[in-house]
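These numbers come from the heavy atoms of this one structure, side chains and all, not from hydrogens, waters or symmetry mates. Residues: numbered from 1 along the sequence shown.
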Amino acid sequence: MPTYEALPRFTADLDRLTPEQRRRFRKTVAAFVDDLRTGRFRVARGFTDSWT
């Protein structure tokens, strides 16, 4: 059973990312999921730099 629904806007935005931005996005999502599992959150530095 799916726990989320990818909306068309999200899919379109994801498709527009460069390969490097997509790699960083997936790495950040993986770190966030790990943080959810452990209950300890870290501050992500540098991720937003790729959006400027």
Side-chain angles (χ1 to χ4, degrees):
M1 171 188 300
T3 58
Y4 69 92
E5 177 183 354
L7 299 176
R9 168 78 188 265
F10 173 79
T11 304
D13 288 345
L14 187 62
D15 288 343
R16 281 193 285 277
L17 294 178
T18 66
E20 174 62 18
Q21 288 171 325
R22 199 172 292 123
R23 183 192 67 78
R24 292 180 73 176
F25 174 75
R26 288 196 171 110
K27 183 178 176 183
T28 301
V29 169
F32 180 71
V33 170
D34 185 49
D35 288 350
L36 287 174
R37 287 185 179 129
T38 64
R40 300 187 71 186
F41 290 86
R42 57 198 132 188
V43 176
R45 299 181 192 274
F47 180 72
T48 56
D49 296 343
S50 67
W51 299 100
T52 57

**Report entry** Nearest heavy atoms of R22 and D15, plus distance in Å
**Finding:**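 Looking at all heavy atoms of both residues, the shortest contact is NH2-O, 3.3 Å.
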Query raised in the report: What's the shortest heavy-atom distance between T18 and Q21, and which atoms?
Result: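 For T18 and Q21, the tightest heavy-atom pair comes out as N-OE1, 2.9 Å.
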Query raised in the report: Can you tell me how far the CG atom of L14 sits from the CZ atom of R9, to the nearest 0.5 Å?
Result: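 Output value for this atom pair is 12.5 Å.
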Query raised in the report: Is D34 paired with R37 through a side-chain N to carboxylate O contact shorter than 4.0 Å?
Result: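 No, R37 and D34 are not salt-bridged.
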Query raised in the report: Out of curiosity, does V33 fall in the hydrophobic cluster containing F10 (side-chain heavy atoms, cut-off under 4.5 Å, transitive links)?
Result: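 Same hydrophobic cluster.
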